[in-house]
2 protein chains.
Amino acid sequence: MTVYAALRRLVVDGEIPTDRRVSEAELSARLQVSRTPVREALSRLEGDGLVDAQGRGVRVRVLPPAELEAVLEARAALESWAAGRLAERVGDGEIAPARLAELDALADASDAATRAGDLSTATHANREFHEAVARLAGNPVVEQTLATWWDRLVVATRSGLREPARVEQVDAEHRAILAAIRAGDADAARRATVAHAQHTIDTVRGTPE
Amino acid sequence: MTVYAALRRLVVDGEIPTDRRVSEAELSARLQVSRTPVREALSRLEGDGLVDAQGRGVRVRVLPPAELEAVLEARAALESWAAGRLAERVGDGEIAPARLAELDALADASDAATRAGDLSTATHANREFHEAVARLAGNPVVEQTLATWWDRLVVATRSGLREPARVEQVDAEHRAILAAIRAGDADAARRATVAHAQHTIDTVRGTPE
DNA sequence: TTCAGCCGTATTGCATGCAATACGGCTGAA
DNA sequence: TTCAGCCGTATTGCATGCAATACGGCTGAA
């Protein structure tokens, strides 16, 4: 499990070359363990869709455009569900308004980093915002699936794709989602999340390469 | 990979006792391979949420009620998305109406088996119907995630839960989903799917044990 | 020059062995 | 009788070794 976690981190953090195949021996030397636990971890990572192990050598998966879009669409589906569910819970009084302050803080952090031009921090904060929404929705299955998809996207978009200058828009969209959640308006929360996600999809589509 | 597939099948088909821990040696003897590939497969199955491997011996996961509901909710979220997307594609003329005949046939099969009282076949046909909708929606990520969740539910509901007598209702709901898809009405398709799923959730909730 | 076919070797996939570990039950005190 | 603590053993987790395999490049024909 620890080897799995370590290897996953290496993959997600971009510490493993994506332009060539890597041998099990290479990874085991790097992690100072034998090939056996490395193989186990790789098998799991393959299940997560993070690496490709057919043939000889393992390859970090950089998603082809079609699959990138598929993951983005899937993410939009679950995130909009989560936002709607959270709004319902707020409306039902299951979530104390104070807990929503966490979301405000994360949106603030995301916006601040974006304005400061700190892309890496901004990306991370943005993810944290969306993951917090999923967590507060109270469905661990959805939460975990989304986390896996985020990881896939991180790997896929590291080399190449960059969020372009729709910077201003992102923050406004986050605030719109939050407002709907706070109002307990599930429908509006879903719509706002779908719109937000759709903009990301459009951006990716419009960015060949 | 073959060992993984074989073991997964054993788990999903209920061929492995769920009431006790099973040792790696036991499974490797059964599959006629050494413990090494069995361990790899188990690690992956754990990632799929099908088994629990903490401590000593592996355990097939029978979902606790809270998690069962979480999976059902998550499934509803993705399936309603898929139904809506498929309806859009039909509306856009991307899907030839002839391909929807497949769905009719699967709904027929599900209904026929249900009326014949063949629960096992009915369950399978029902799953095929929903998986066909997901496939036609054209998003492999959604499709595969749903397949994994179906497997989890199969294992979880094998011992104990049984679909009760809302038999008539199920077919009517399938037809409603189909009608919305055929009409290219994404909103209606989503609503019909959510309603269908919600009935299942209500049923499970109402069936303690 | 191009490319089909082969061949050597790096690499995988699995089996096996062993130290570390976790469990089930036993012992003895309260 | 109950249960904390220990102890023996089944089981895991990892390392290692080896046969099977897949790849990269070489050879020679077209």
Side-chain angles (χ1 to χ4, degrees), chain A residues 1-64 144 148 151-152 155 159, chain B residues 1-64 144 148 151-152 155 159:
Chain A
M1 178 58 183
T2 305
V3 172
Y4 167 68
L7 210 44
R8 183 185 184 102
R9 170 166 283 248
L10 286 181
V11 170
V12 174
D13 289 356
E15 303 287 338
I16 295 181
T18 57
D19 55 347
R20 66 180 174 85
R21 296 174 173 228
V22 175
S23 74
E24 295 170 6
E26 193 175 338
L27 295 172
S28 66
R30 186 155 175 182
L31 296 178
Q32 307 271 45
V33 292
S34 76
R35 279 176 47 227
T36 304
V38 168
R39 278 180 63 79
E40 273 182 36
L42 286 175
S43 173
R44 243 178 123 150
L45 289 173
E46 193 182 10
D48 294 336
L50 289 177
V51 305
D52 222 345
Q54 106 275 50
R56 185 141 102 152
V58 77
R59 178 155 225 144
V60 174
R61 292 197 70 204
V62 177
L63 303 187
Q144 201 206 317
T148 301
D151 280 346
R152 280 217 235 183
V155 173
S159 55
Chain B
M1 179 59 188
T2 306
V3 172
Y4 168 68
L7 210 44
R8 184 186 184 101
R9 170 165 284 248
L10 286 181
V11 169
V12 173
D13 289 353
E15 303 287 339
I16 295 182
T18 58
D19 55 347
R20 67 181 173 85
R21 295 174 174 228
V22 174
S23 74
E24 295 170 5
E26 194 175 337
L27 295 172
S28 66
R30 185 153 175 183
L31 296 178
Q32 307 270 47
V33 292
S34 77
R35 279 177 47 227
T36 306
V38 168
R39 279 180 62 80
E40 272 182 34
L42 287 175
S43 173
R44 245 179 121 148
L45 289 173
E46 193 181 10
D48 293 336
L50 290 176
V51 305
D52 223 345
Q54 105 275 50
R56 186 141 101 153
V58 78
R59 179 154 225 145
V60 174
R61 293 196 69 203
V62 178
L63 305 187
Q144 200 207 314
T148 300
D151 281 346
R152 280 217 234 183
V155 174
S159 53

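Sequence lines set the chain letters: A, B, ... in the order given, protein chains first and strands last, and positions in each chain run from 1.
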(request) Just compare dC23(D), dC18(D), dT12(D) and give me whichever is closest to any side-chain atom of R35(A). (result) dC18(D)
(request) Take atom CG of L31(B) and atom P of dC14(C), then tell me their distance rounded to the nearest Å. (result) 12 Å
(message) Could you check whether atom CZ of R21(B) has more than 12 heavy atoms from other residues, nucleotides or ligands sitting under 6.0 Å from it?
(response) yes
(message) Going by purine N1 to pyrimidine N3 plus the second Watson-Crick contact, or the G-U wobble pair, all under 3.5 Å, which nucleotide sits opposite dG8(D)?
(response) dC23(C)
(request) Give, for atom CD of E46(B) and atom CZ of R44(A), the distance between the pair rounded to the nearest 0.5 Å. (result) 4.5 Å
(request) Quick one: look up who dC14(C) pairs with, Watson-Crick or G-U, both distances under 3.5 Å, and put none if it's unpaired. (result) dG17(D)
(message) Rounded to the nearest 0.5 Å, what separates atom CZ in R35(A) from atom CG in L42(A)?
(response) 10.5 Å
(request) Would you indicate which nucleotide in dT12(D), dC14(D), dC23(D) comes nearest to any side-chain atom of R56(B)? (result) dT12(D)
(message) I want to confirm an ordering. Mapping V58(A) and V33(B) to their closest nucleotides on DNA chain C, which one lands closer to the 5' end?
(response) V58(A)
(request) Any chance you could measure E26(A), atom CD, to L31(A), atom CG, to the nearest 0.5 Å? (result) 11.0 Å
(message) Looking at dA29(D), which nucleotide sits across from it as a Watson-Crick or G-U wobble partner, both distances under 3.5 angstrom, or is there none?
(response) dT2(C)
(message) Looking at S34(A), I'd like to know whether one of its side-chain N or O atoms comes within less than 4.0 Å of OP1 or OP2 on dA15(D).
(response) yes
(message) Please report the distance, rounded to the nearest Å, between CZ in R44(B) and P in dG13(C).
(response) 12 Å
(request) Nearest whole angstrom, please: distance from the P of dT11(D) to the CZ of R39(B). (result) 14 Å
(request) In whole angstrom, give the distance that lies between atom CZ of R59(A) and atom P of dT12(C). (result) 14 Å
(request) Take atom CD of Q32(B) and atom P of dA15(C), then tell me their distance rounded to the nearest Å. (result) 10 Å
(request) By nearest nucleotide on DNA chain D, pick out whichever of A25(B) and G55(A) is the more 5' one. (result) A25(B)
(message) Counting distance alone, no hydrogens or angles: does the base of dT12(D) have a donor or acceptor under 3.5 Å from a partner atom on the side chain of S23(B)?
(response) no
(message) I'd like to know if the side chain of R39(B) and the backbone of E24(B) have a donor-acceptor N/O pair within less than 3.5 Å.
(response) no
(request) Take atom CD of E24(B) and atom C1' of dA10(D), then tell me their distance rounded to the nearest Å. (result) 12 Å
(request) Provide, to the nearest angstrom, the distance between the CD atom belonging to Q54(A) and the C1' atom belonging to dA22(D). (result) 12 Å
(message) How many whole angstroms separate atom CZ of R20(B) from atom P of dG24(C)?
(response) 13 Å
(message) At 4.0 Å (heavy atoms only), tell me whether E40(A) reaches a base, stays on the sugar-phosphate, or touches nothing.
(response) nothing
